Amino acid sequence: MTEPSKLPHRGVPEHQPAAGGIAARARAAAGPQYLNGLNPEQRDAVETLDGPVLVLAGAGTGKTRVLTTRIAHILSQGRARPHEILSVTFTNKAAREMKLRLGQMLGQAVEGMPWLGTFHSIGGRILRFHAELVQLKSNFTVLDVDDQVRLLKQLLQAENIDDKRWPARMLAGLIDGWKNRGLTPSQVPAGEAAMFANGKGGKLYATYQERLKILNAADFGDLLLENIRLFRENPDVLRQYQSRFKFILVDEYQDTNVAQYLWLRLLSQAPARPGVPLSAIIPGATESSVIPGRIEDANSDVQSHIEESRDSGSALSAHPGMTEAPATPSSPPKNICCVGDDDQSIYGWRGAEVDNILRFEHDFPGAKVIRLERNYRSTGHILAAASHLIAHNEGRLGKTLRTEDVDGEKVTVTGSWDSEEEARAIGEEIEELQRAGDNLNEVAILVRASFQMREFEDRFVTLGLPYRVIGGPRFYERAEIRDALAYLRVINSPADDLAFERIVNVPKRGLGDATVQLLHDHARKRRMPLFEAARAVVETDELKPKARGSLRELILQFDRWRAQREVTAHTELAEIVLDESGYTEMWQKDRSADAAGRLDNLKELVRSMEEFENLQGFLEHISLVMDRDGGAEEEAVSLMTLHSAKGLEFDNVFLPGWEEGLFPSQRTLDEQGRAGLEEERRLAHVGLTRARRRAKLYFATNRRIHGTWSTTIPSRFLDELPSQNVEITESKGGSGWGGSGGYGPSRFDNVESFGSSYSTPGWQRAQANRNRSQGGRGGQARGGFEESQSSFTGSRSDASGSRGDAFSGGFSRNKRGPMVIEGELVAKSTGTVSEFSLSDRVFHEKFGYGHVVKIDGNKLTIAFDKAGEKKVLDNFVKRT
DNA sequence: CCCTTACATCTTTTT
DNA sequence: GATGTAAGGG
């Protein structure tokens, strides 16, 4: 606790004094006001306006400041007007913050930046202008995951596919993945399309898209994918946007997916004369010199990317641009500036392609790369720990974060007996901080998975420690909000079948599955929306009198509301609808604990409508811009996942649950192999770099996962921390462990006695593999891998080298996790012949007996007698 | 048609 | 261990 009480930068990391030399200072003095206080690299990033620029901005290096200052610079230099700058972010929050900061920098006039927003909101905006060109109407509905799944469920039923075996959610995930990769139904690789429902996947995707058009709806993926299609099929439209956007800025570029990449690429192909170097393009010139031929080249260029991705069957190589030559030099990309940090790419599982940032220079020839490596956030020890950890990753551009700050306190690692003790220890430490005068707003607990949160909540409730959970279900994803929106959607567009179906029996009106089915049949036969079908059906005697009566009543209500819409303010209309439909009443009568909260949410929804001019405008934006951000700013500890912590910073950061299987997540390791491990490591890096002054890591020896207690092993990431920046402390819980002084090897010897799995053949074989590769050369497994990844040797030997690592020796060699990874790599690279053969009878601890149906290296597909078909590693089954 | 019981499932989640 | 979803009985 010898921390100096005031650090010069703390709390204002973006307003540090210029740290450059005399020359830099002189330039700064000469330049406009807003450039003051930028360091030389930041300033370079702001002032390099022409040509492609990639700003590699490490954690806490002033990324947002560079982006906003750059916009200010473009505007003040008269290089473009506000509506000629395209500036995309991923989150509404980031967009809001940029608007806010720009406003502060420029005085006002930010309203004139219509093209500052998220990928999806800008994509949606463009799409609405040209909706008819992609078979939509401009008031199309944006569906969320829920609607998507329900629609797909219907399609599955129509195709007579068992949605037990082929869940709609899975198909939704596949389609989402395809859209993320920029693939329209016809472009999906045949192998992948066949994966779902015995080859029907591709067709289902196609019919899904058709249904969306009939429903006048688009899902999130469509906002970009249909935009790309729009541009490709209508060069004149594309040209219009290409010449409008003089400058393009992209935030968090490491998180872009293929679709976003293609979209950016289309927009950034400047219509230019062949052979004119980019530097010669002066502002304004792009407008006048439009040469159609070149645009088509730009188009077909991107088209060929897509074609290519279709041809290559594998998901990995499907990334366009991975193998082909650089973009046509004669149509140079224009002024695009991407800011990102490959070390903070944590959304790979959602389709983000780290390769986009890794290949930037290749994709945009002549690109200038600027590294921001001066960290203005964390103390020396924290930064060193984070840097050393992330250095274990192989696939990165490489940055070295520096700080001029003091070393501060070492990063601490604390072991506890179980997760309960972990929560207790953290609770006590927070109370201690509180007593010492720290603000609770500067304390955060970052967990890997949300189920970890409960334990902390329980603890904090008993301690009376105020906390707030960040993340969780979004406001508009809550059932009551979606119900209310569904009513409004049916009023706005009677053809919105999904919305109609959602509320037709909410509250209960005696219109159950049978009735809905009847309406569906009727609607399908006459190719009309459900609502129209309902109108027709009530005139017949197909329904029982009771159902018929309530359906007629419902239709009359909607007719009345639609009429009222003309004469009533939209907020008032919403209140009337919620009231008259009996929806509010339904919750008022509900005696469950959260009913009151739901009613509050409904009020909040109506309140939020005030910001929009009318119902139409509200509905257009609601699904894109509604996010929580609960206002109440009382002093409280923040509790959130590592993912939602990105972009935030706190004085004190607690990082519990650093155990194998949980963090790194076993599932990620199983599914994504080495890439997954690296992403987990980036997540660890993100976690550490959130901390300004104190980062505290924890692991528990026992944790309850899925209801049963299991013994866990400290995360390998702990081993990867540099010992000189880490301090190992004893848990204050005091239970369980005798104080044998820290947790040395002896402790982990203890741990091992718990795990019976350590004597299994699989474990021993894995250990043998591990030892071989530890030895460096020679191991057959290792050799195979090195052949395919030539750069691996150097970085890895450094990484696993014994010097410096905090936990080298001792238990770190005895961990279970790495084996799986190594084993998988072995399987992939050497194609080791499995000791199993087809139709062998096998036994699995969890799934029971079965027989082998497919062998892929050491990965087996086994048809279990009871559990069905599963993929397992051969380590986990025994021949019978 | 609604309510009950059994059963499986169980990261992360910007839009 | 809790939660949500799907089939069965009233």
Side-chain angles (χ1 to χ4, degrees), chain A residues 88-97 117-124 142-145 148-149 153 162-164 167-169 173 176 179-180 218-224 251-252 254-257 259-260 344-352 446-455 470-474 476-477 479 505 508-517 543-544 546-547 550 621-629 640-648 657 661-672 676 679-680 682-683 686-687 704-709 866-868:
Chain A
V88 279
T89 62
F90 274 84
T91 63
N92 292 304
K93 199 170 142 201
R96 259 199 315 267
E97 181 162 341
T118 64
F119 275 101
H120 291 87
S121 67
I122 290 175
V142 179
L143 300 186
D144 56 36
V145 205
Q148 220 177 325
V149 170
K153 214 171 250 173
D162 177 16
D163 65 352
K164 262 300 206 336
R169 266 188 193 285
D176 207 46
K179 289 187 173 177
N180 283 339
D219 62 21
F220 279 120
D222 282 343
L223 295 179
L224 283 158
D251 192 15
E252 307 277 21
Q254 78 281 356
D255 286 336
T256 50
N257 60 36
Q260 286 154 345
Q344 290 188 64
S345 160
I346 54 175
Y347 284 103
W349 51 274
R350 248 197 133 289
L446 311 182
V447 296
R448 173 72 240 281
S450 39
F451 72 81
Q452 291 172 264
M453 290 190 198
R454 163 170 281 167
E455 209 125 21
I470 315 246
R474 301 189 159 351
Y476 69 83
E477 278 171 7
N505 200 28
K508 298 262 184 289
R509 295 189 176 91
L511 302 170
D513 290 345
T515 312
V516 173
Q517 196 53 51
L543 282 173
K544 285 189 217 134
K546 214 166 67 185
S550 30
H621 287 282
I622 192 66
S623 52
L624 293 177
V625 299
M626 275 288 272
D627 50 7
R628 74 267 136 136
D629 241 21
M640 68 189 97
T641 64
L642 285 161
H643 282 91
S644 40
K646 193 167 80 161
L648 305 177
L662 177 57
F663 190 34
S665 149
Q666 189 58 51
R667 188 158 160 186
T668 302
L669 260 41
D670 289 346
E671 286 169 9
Q672 316 283 336
E679 182 154 310
E680 295 284 303
R682 290 194 290 268
L683 205 46
V686 166
R704 199 158 51 183
I705 299 167
H706 306 328
T708 46
W709 284 97
K866 299 225 171 84

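Convention: sequence-line order gives letters A, B, ...; per-chain numbering from 1. If you're wondering where the values come from, they're calculated on a predicted model, not measured in any experiment.
Within the 4.5 Å cutoff, no side-chain heavy atoms of Glu97(A) are placed close to those of Thr91(A). At a threshold of 4.5 Å between non-hydrogen side-chain atoms, the residues Tyr347(A) and Asn257(A) do not count as touching. Inter-residue side-chain proximity for Thr256(A) and Phe119(A) is flagged as met; some heavy-atom pair is nearer than 4.5 Å.
Using a 4.0 Å heavy-atom criterion, one finds that Thr708(A) contacts no nucleic acid atom at all. Using a 4.0 Å heavy-atom distance criterion, Thr641(A) is classed as a sugar-phosphate-only contact. If you check every strand for non-hydrogen atoms under 4.0 Å, Ala514(A) touches sugar and phosphate atoms only. Looking at heavy-atom distances under 4.0 Å, Asp513(A) makes contact with sugar-phosphate atoms alone, never a base.
Note: CZ (Phe119(A)) to C1' (dT15(B)) measures 11 Å, nearest angstrom. At whole-Å resolution of the value, OH in Tyr347(A) and P in dT15(B) are 9 Å apart. Atom-to-atom, NE2 of His643(A) to P of dT13(B) comes out at 7 Å; the value is rounded to the nearest Å. Here dC10(B) presents its C1' atom at 15 Å from CG of Asp670(A), a figure rounded to the nearest Å. Taking atom CH2 of Trp349(A) as the reference point, atom C1' of dT13(B) lies 4 Å away to the nearest angstrom. What separates CZ of Arg682(A) from P of dT11(B) is a distance of 21 Å, to the nearest Å. In this structure, the CZ atom of Phe90(A) is 13 Å from the C1' atom of dT13(B), given to the nearest Å.
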- prompt: What string of B, S and - do you get for nucleotides 2-10 of chain C, 5' to 3', when a contact is any protein heavy atom under 4.0 Å?
  reply: S---S----
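With sequence neighbours left out, the side-chain contact (heavy atoms from CB on, under 4.5 Å) criterion links Thr118(A) to Thr89(A), Asn92(A), His120(A), Ser121(A).
For Arg667(A), taking side-chain heavy atoms from C-beta onward, the closest of the listed nucleotides dT11(B), dT13(B), dT15(B) is dT11(B).
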task: Just do the side-chain contact (heavy atoms from CB on, under 4.5 Å) check on Leu543(A) and Thr515(A) with the steps written out, would you?
output: CA-CA 7 Å; Leu543(A) 282 173; Thr515(A) 312; 3.7 Å; yes
All N/O contacts under 3.5 Å from nucleotides 2-4 of chain B to the protein, with atom names and distances to one decimal?
none

